[in-house]
Structure formats: structure tokens, C-alpha cells
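Reviewing the structure listed below.
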Amino acid sequence: MSPKFKNPRARHNFVGRTCSITGIGSYVPEKILTNHDLEKMVETSDEWIVTRTGIRQRRIAAKDEFTSDMAAKAAQRAMKMAGVTAGQIDLIVVATITPDMPFPATACLLQHKIGATGAAAFDLEAACSGFIYGLEIGQQFIMSRTYDTVLVVGAEKLSAITDWTDRNTCVLFGDGAGAVILQNRERSHGLLTAVMGADGEKGDLLFMPAGGSRCPASKSTVNARMHYLRMEGKETFKNAIQAMKSAATEVLRRCEIDISRIKCVIPHQANRRIIDAVGERLGAKPEQLFVNLEKYGNTSAASVAIALDEAVASGRVTRGDLVLLIVFGAGLTWGAAVIEW
Ligand code: UT7
């Protein structure tokens, strides 16, 4: 039986509209880069990476495989599950910090690749928090009766902005994509409530210095390796735990449910120690936490989308289960969402 949601923002209160997730899919590139491979590239060790992060390997896109290609594969899988054709899609939202190019939007390139000629399309940039931002945006368009079918994708080719000479960051990231189809449906299984937050004052904890209007590409920006991401690991780590815990607590409060009601907690897959610390602070049991970062590393906006797809495919999450998604990323940005699968 569906739980009761008194929160005024819960979707049950939008008369005559229900936003459901009718399809989900993900894609990761074939090439695997292991910690042992990294040992040959920078001064690091499998032991350091596993104990400090939990990551054992990550997927790396081919040279001629771009964010829009991975997005298209994930999207097609989600469309297949939903039984939706490209022509039915009204809106495409792509969350990414690694678009194919600064413009046009990767969402437009994706629209062309999947043949969704009738869809509006735009990118959103909320770094690792992008998928929850995208879910909330997609849901709002459905609830407002603007659209009936929305494709939300989180897709990243982080290998393209990773400095492969910097051991502080290059061991952390990977490539991939995850997608969902949101639709107005009678039967309710989808996003119940989401919270989102940001703190631009701490934007310099995790950023890419050059390539924008502040610091356009030049010989000197290339020589100074300013087209790669940079991160203050320790500060980011502390902020991640605090923000993820607060966002999750708030979304549970708004839904008026206790953590024990959640079948599966799917946190952003950045660091095993962050996931465990957040789980512990929320009072979640270890078996409630879904973790797949040992296989993929941190795939930013794709992270929780890929994890949710795997949780569903493996039977960890079945119809009617409550799922808690929690994200955190550059911006800083963060968010949490409760989904009734
Ligand atoms: O997706 C957005 C959110 N991202 C995150 O949430 C990531 C947050 N940060 C982290 O996950 C962690 O801070 C890291 C995994 C990046 C680093 O872990 P840490 O426990 O904070 O290590 P540290 O930065 O304090 O570094 C400890 C030592 C340093 O050596 P010294 O200065 O103590 O001699 C580093 O130079 O480990 C060294 N180190 C490495 N050693 C071997 C840093 N990277 C490596 C490496 N291999 N790859």
C-alpha cells in the first residue's frame, strides 16, 4: 500500500497529474582502467586507492565516444523499458559537466542521435548533483501539464577533463551515463519529493579553471593544465558528508517517513568512506546502502542514475519500494530525493 504523504509538495497533491518513472537505463564504456593500470601512470597503489576511496576500477570512453553517445545508449535502454518511441518525447534534459562541446547543448545532439525531433532540449549543469536536479525539473514540467513525456539523462566523459598526471584526482573518476523516462501516468511510481541546495561561495573546492568566459582557452591555459578539473579533496569530503546528511534528513522529514522505511539508499558514488559516514549519520543499516563505485569510480551526474538502474536490474529494488537518492558535487551543489519505485 502506498504511504500517506502530507507534504504539500508531494506529487499526490497535484490534482489529476502523477509523475512516474516508466523506464530506466544505463551505459558504461567497454574499456576498464584498473588501479593496477594507474600504478603505471602515477605514483599510487591499489592499496591506497581501495582504502581511501573503495574504487577498484573505472570505465573509460573511447576517443571517438562522446558524452552524447553514452547518453544515447542509456536513453534508448530507458525508452525500451518504458515502451516509448523517440517521437513521443516532449523534453530532453541532460545533466553533465562534460558536454560534447560548450555549445550547442549535448541535449540537442542527443535529440538528433535518438531522433526525438519533436522534443525541446537543454543541458543542466549541477555537477554530481545533476541527476536529482534533472528529476525535479522533469517532474515539474509534467506536473505543470507542459509535457507528458520527459527524458532525463546524467552523462559524463570525465576522462576528458581528468589530469592523468595528478594522482590526487585521476584515480577518482570514470565515464558513463544513466537515463530515465518520466511520464504522466495513473499508477504512481516515481519521484515523491526532492530537495536541492547550493553554496557558490565554495565553488573553488572543485572546479575547472579555464575554457569559460573568465579564462578562455589559450596557449598559456593549456600549458598551465587549466582545462582539467581541480579539487580540494579534504574540504570537499567534509562538505559532502554534511550536505548529504542534511539533504537526506530534510527530504525524509518532508515525506514524513523514517529511514527504516527506505528499502535502498543510493548515495552519490564518490568515496566509500563518504557513503558509510552518511549512512551511519542517517541511521541506515549497512545493507540498506547501495554501492557500486568499486566498478565505476565517480561518474558525476551519471552516478546515481547508473546505480539506480543496477539496483533495479539486480532486484535490490522492486516495484513499490521506497528509494532514497542523495547527491553532492561541485558548485557546491547537493540534493536528495525519495522515489517510490
Ligand atoms: O563528486 C564530487 C564529490 N567528490 C568528493 O566527494 C571527493 C571528496 N574527497 C575524497 O574523496 C578524498 O579527500 C580523497 C580520496 C580525494 C583523498 O583522500 P584523503 O584521505 O582526504 O587524502 P589526502 O588528500 O589527505 O591525502 C593524504 C595523502 C597525501 O600525502 P601527504 O601529503 O600526507 O604526504 C597525498 O599526497 O595521500 C596522498 N595521495 C595519494 N597517495 C597515493 C593523494 N592521492 C594519492 C594517490 N595515491 N592517488
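Counting starts at 1 for both ligands and their atoms, in listed order.
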Below 3.5 Å, N or O to N or O, backbone or side chain included: is there any such pair between [X] and ligand 1?
X: Arg167; answer: yes
X: Met231; answer: no
X: His268; answer: yes
X: Arg52; answer: yes

Practice task
Check the hydrophobic clustering (I, L, V, M, F, W, Y; side-chain heavy atoms under 4.5 Å; chains of links allowed) and say if Val93 and Val153 are grouped together.
Solution key: no
Show which atoms of ligand 1 fall inside a sub-4.0 Å distance from at least one heavy-atom site of [X].
X: Arg273; result: 18 (O), 19 (P), 20 (O)
X: Gly233; result: 8 (C), 9 (N), 13 (O)
X: Val171; result: 48 (N)
X: Thr53; result: 15 (C)
X: Asn298; result: 1 (O), 2 (C)

Handout entry: Check: Arg56 and Val50 side chains under 4.5 Å, non-hydrogen atoms
Key = yes
Taking heavy atoms and a distance under 4.0 Å, where does [X] meet ligand 1: side chain, backbone, both or neither?
X: Thr44; answer: both
X: Ile274; answer: side chain
X: Phe237; answer: both
X: Leu206; answer: side chain

Problem - Ring geometry between Phe122 and Phe141 (parallel below 30°, tilted from 30 to 60°, perpendicular above 60°) - result: tilted
Exercise for the section: Measure the CG-CE distance between Asp309 and Met81 for me, rounded to the nearest 0.5 Å. Expected result: 7.5 Å
Handout entry: Salt bridge present between Arg59 and Asp175 (N-O < 4.0 angstrom)
Key =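 Salt bridge between Arg59 and Asp175, a charged N being under 4.0 Å from a carboxylate O: no.
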Practice task
Run the salt-bridge test on Lys295 and Glu310 with the 4.0 Å N-O cut-off and return the result as yes or no.
Solution key: yes
Exercise for the section: Please report the C-alpha distance between Arg272 and Asp276 in whole Å, then the side-chain angles of each, then the deciding distance to 0.1 Å, and finally whether the salt bridge (Lys or Arg N to Asp or Glu O under 4.0 Å) criterion is met. Expected result: CA-CA 6 Å; Arg272 178 77 214 216; Asp276 290 342; 3.1 Å; yes
From [atom], is the closest protein heavy-atom distance below 4.0 Å?
atom: atom 6 (O) of ligand 1; value: yes
atom: atom 33 (O) of ligand 1; value: no
atom: atom 11 (O) of ligand 1; value: yes
atom: atom 29 (C) of ligand 1; value: no

Problem - Thr236 to ligand 1, any heavy atom closer than 4.0 Å - result: yes
Handout entry: atom 23 (P) of ligand 1: nearest protein contact (heavy atom, Å)
Key = Lys234 NZ, 3.9 Å
Problem - ring pair (Phe, Tyr, Trp, His ring centres under 6.0 Å) involving Phe66 - partner list, sequence neighbours excluded - result: none
Answer yes or no: are there more than 12 heavy-atom neighbours, outside [X] itself, under 6.0 Å from its atom [atom1]?
X: Glu287; atom1: CD; answer: yes
X: Arg230; atom1: CZ; answer: yes
X: Glu232; atom1: CD; answer: no

Problem - Residue that, paired with Leu38, satisfies side-chain contact (heavy atoms from CB on, under 4.5 Å) out of Arg167, Glu43, Gln57, Arg58 - result: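 Of all the options given, the one that passes is Arg58.
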